[in-house]
Participant: 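One structure is given below, represented as structure tokens, and several questions about it will come after.
The structure presented is a predicted model; accordingly, all values stated were derived computationally and were not measured.
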Amino acid sequence: MAQQLTGLIRCTPLSSYGVTKSKPLFSSNSPSRNKRRFVVSAVAISNAQTREREKLKQLFEDAYERCRTAPMESVGFSVEDFHSAIEKYDFNSEIGTKVKGTVFMTDSNGASVDITAKSSAFLPVQEACIHKIKHVEEVGIVPGMIEEFVIIGENESDDSLILSLRTIQFDLSWERCRQLQAEDVIVKGKVIGANKGGVVALLEGGLRGFVPFSQISSKTTAEELLEKELPLKFVDVDEEQSRLVLSNRKAMADSQAQLGIGSVVIGTVQSLKPYGAFIDIGGINGLLHVSQISHDRVSDIATVLQPGDTLKVMILSHDRERGRVSLSTKKLEPTPGDMIRNPKLVFEKAEEMAQTFRQRIAQAEAMARADMLRFQPESGLTLSSEGILGPLTSDMPAEGLDLSDIPPAVED
């Protein structure tokens with residue numbers, strides 16, 4: 001500090017403090033001259049600082065007085081304007097209202113959400129998803145995520161709003177079930193429980209439906225059905241009563257109706273017997289007889305197939321009344337014995353070989369019908385070279401009547 005003052009003293013002319021050469025205080029040879037000059041300069045600096053402090057003090061006192069007596073003086077935004085702005089951007093916070101918010105923090109209890117309201121909002125972990133989770137980040141709820149929530153309550157301790165995604169997801173699931181029922185669509189349901197009347201199935205959307213035992217196609221116990229997936233159709237969808245009833249019998253009947261003779265389906269080997277293998281084809285068990293595995297003789301089925309194997313099979317016959325389906329891989333072999341030597345080739349060429357098989361059957365049927373027409377010329381139909389029956393008159397389509405949808409006879 002002394003050095004700074006010394007610097008100021010050296011740089012400050014005496015004339016600035018009212019000291020002139022015409023009236024020297026001391027002689028030039030006096031040893032006290034420099035000491036006297038230092039005292040005068042220091043006093044001048046001290047007075048300047050005091051005046052500056054007094055000026056600042058007065059400014060603060062004036063500002064304090066204005067804040068105390070007239071805080072809004074010369075301010076263009078009044079308290080009324082502030083409340084009007086809040087009301088303008090406020091929203092309905094009643095239960096059931098949907099709001100858009102941004103997640104800004106997550107923890108093991110849930111997520112804090114900014115919904116640009118006067119009150120904060122919180123999404124509990126149990127309201128984050130239809131399915132049970134331990135942390136909201138398991139279902140993609142992370143800071144920065146923007147989503148639509150629904151208000152389901154209010155925390156009285158701090159007036160914060162309680163949000164839910166689970167409620168919105170349930171509403172969407174019910175809407176989806178109504179749509180699938182209207183479209184008569186087959187869905188999959190996993191059996192997760194049972195009671196004396198039927199089983200409880202969990203659907204993909206998170207809803208639980210009831211399947212009465214009278215609507216299960218197979219004679220299977222509830223214990224055997226647990227953890228298994230069943231094809232199902234909707235019977236009753238009533239969101240107001242929280243009632244969702246499904247039928248496995250209806251789904252199986254529709255699936256079986258779509259099994260056309262000669263069609264190729266993908267199946268899974270369920271079990272092996274000395275006389276053949278049982279194949280699951282979309283919830284229906286079909287029998288692949290040992291004689292229909294390959295053109296070559298199969299002495300031990302286990303050398304060709306194993307439970308769990310996936311393969312393509314062709315529908316040979318379907319007895320809807322007795323619920324029996326006969327299958328074949330023999331008809332799909334490009335070369336006799338391929339199911340034993342090269343099953344991968346059979347899988348790749350299955351549709352092509354099935355088409356060839358269907359064409360042979362169609363031609364055989366066409367020849368049989370042609371023989372029949374020779375004895376019934378009065379029918380007015382003729383047979384084209386493609387095996388299609390057509391009229392002799394010109395009032396029918398020129399291409400004739402396509403009978404390809406008629407199930408062909410089964411080849412032994």
Participant: Nearest 0.5 Å please: distance from the CD1 atom of I141 over to the CG atom of L123.
Facilitator: 5.0 Å
Participant: Are the side chain of S247 and the backbone N or O of K250 linked by a donor-acceptor pair below 3.5 Å?
Facilitator: yes
Participant: For a side-chain contact (heavy atoms from CB on, under 4.5 Å) check, start with the C-alpha distance between S160 and E154, then their side-chain angles and the critical distance, and finish with the verdict.
Facilitator: CA-CA 6 Å; S160 62; E154 184 176 355; over 6 Å; no
Participant: What's the verdict on side-chain contact (heavy atoms from CB on, under 4.5 Å) for F122 and L163, showing C-alpha distance, side-chain angles and the deciding distance?
Facilitator: CA-CA 6 Å; F122 186 72; L163 307 179; over 6 Å; no
Participant: Salt bridge (Lys or Arg N to Asp or Glu O under 4.0 Å), that's the test. Do D296 and R341 meet it? Break it down for me.
Facilitator: CA-CA 10 Å; D296 289 359; R341 295 185 296 271; 3.1 Å; yes
Participant: Is any side-chain heavy atom of P343 less than 4.5 Å from a side-chain heavy atom of V304?
Facilitator: no
Participant: For the residue pair P334 and V346, what are the closest heavy atoms and their distance?
Facilitator: CD-CG2, 4.1 Å
Participant: Between atom CD of E351 and atom OG of S263, what is the distance when rounded to the nearest 0.5 Å?
Facilitator: 10.5 Å
Participant: Without hydrogens or angle criteria, can the side chains of R176 and Q179 be said to hold a donor-acceptor pair below 3.5 Å?
Facilitator: yes
Participant: Check whether any side-chain heavy atom of N109 sits under 4.5 Å from a side-chain heavy atom of V125, and report yes or no.
Facilitator: no
Participant: Can you tell if the side chain of N248 reaches within under 4.5 Å of the side chain of P231, non-hydrogen atoms only?
Facilitator: yes
Participant: Between the main-chain N or O of T356 and the side-chain N or O of Q359, is there a donor-acceptor pair closer than 3.5 Å?
Facilitator: no
Participant: Show your working on side-chain contact (heavy atoms from CB on, under 4.5 Å) between S112 and V103 and close with a plain yes or no.
Facilitator: CA-CA 6 Å; S112 298; V103 176; over 6 Å; no
Participant: How long is the gap from CZ on F170 to OG on S164, to the nearest 0.5 Å?
Facilitator: 9.5 Å
Participant: Given L327, which partner from the list I281, L287, L316 fulfils the side-chain contact (heavy atoms from CB on, under 4.5 Å) test?
Facilitator: I281
Participant: Has D62 got a side-chain atom pairing as donor or acceptor with L59's backbone, closer than 3.5 angstrom?
Facilitator: no
Participant: Against the six-membered ring of F347, is K312 placed for a cation-pi contact (under 6.0 Å from the centre, within 45° of the normal)?
Facilitator: yes
Participant: Taking the side chain as every heavy atom from C-beta outward, state whether V113 and F104 have any pair of such atoms under 4.5 Å apart.
Facilitator: no
Participant: Is there a donor-acceptor pair under 3.5 Å between the side chain of S242 and the backbone N or O of D238?
Facilitator: no
Participant: For the residue pair L272 and P307, what are the closest heavy atoms and their distance?
Facilitator: CD1-CD, 4.0 Å
Participant: Could you tell me the separation between the CG atom of N155 and the CG atom of L161, rounded to the nearest 0.5 Å?
Facilitator: 9.5 Å
Participant: Please report the shortest heavy-atom distance between G101 and I115, naming the atom on each side.
Facilitator: CA-CG2, 3.9 Å
Participant: Measuring only between side-chain heavy atoms, which start at C-beta, is L246 closer than 4.5 Å to Q215?
Facilitator: no
Participant: Apply salt bridge (Lys or Arg N to Asp or Glu O under 4.0 Å) to residues E352 and K349 and explain how you reach the verdict.
Facilitator: CA-CA 5 Å; E352 180 182 334; K349 297 287 186 179; 3.8 Å; yes
Participant: Locate the shortest heavy-atom distance separating G337 from H295; write the atom from each residue and the value.
Facilitator: N-CB, 4.3 Å
Participant: Go through the steps for V269 and F278 under the test side-chain contact (heavy atoms from CB on, under 4.5 Å), then give the verdict.
Facilitator: CA-CA 6 Å; V269 178; F278 284 98; over 6 Å; no
Participant: Would you say the side chain of L165 lies within less than 4.5 Å of the side chain of F149, judging by non-hydrogen atoms?
Facilitator: yes
Participant: Does a side-chain heavy-atom distance below 4.5 Å link L244 with L203?
Facilitator: yes
Participant: Testing the 3.5 Å rule here: is there a donor-acceptor pair between the side chains of S294 and E333?
Facilitator: yes
Participant: Any heavy-atom pair between the side chains of I279 and L311 that's under 4.5 Å?
Facilitator: yes
Participant: Does E94 offer a backbone N or O that forms a donor-acceptor pair with the side chain of T97 under 3.5 Å?
Facilitator: yes
Participant: Strictly distance-based, threshold 3.5 Å: is any side-chain N or O of E224 a donor or acceptor partner for the main-chain N or O of T221?
Facilitator: yes
Participant: Using every non-hydrogen atom in the two residues, find where V245 and P212 come nearest and quote the distance to one decimal.
Facilitator: CG1-CD, 4.0 Å
Participant: Would you confirm whether E148, through its side chain, and V99, through its main-chain N or O, come within 3.5 Å as a donor-acceptor pair?
Facilitator: no
Participant: Is there a donor-acceptor pair closer than 3.5 Å between any side-chain N or O of T106 and the backbone N or O of V142?
Facilitator: no
Participant: Please round to the nearest 0.5 Å and tell me the distance separating atom CZ of R358 and atom CZ of R360.
Facilitator: 11.5 Å
Participant: Once rounded to the nearest 0.5 Å, what's the spacing between atom CG of D338 and atom CE of M353?
Facilitator: 8.5 Å
Participant: Which heavy atom in F213 sits nearest to a heavy atom in N195, and how many Å separate them?
Facilitator: CE1-O, 3.5 Å
Participant: Testing the 3.5 Å rule here: is there a donor-acceptor pair between the side chains of R178 and Q181?
Facilitator: no
Participant: Mind checking what makes side chain to side chain contact (heavy atoms under 4.5 Å, CB included) contact with E227, not counting sequence neighbours?
Facilitator: K190
Participant: Could you tell me whether a side-chain N or O of R166 sits under 3.5 Å from a main-chain N or O of A128, the two making a donor and an acceptor?
Facilitator: no
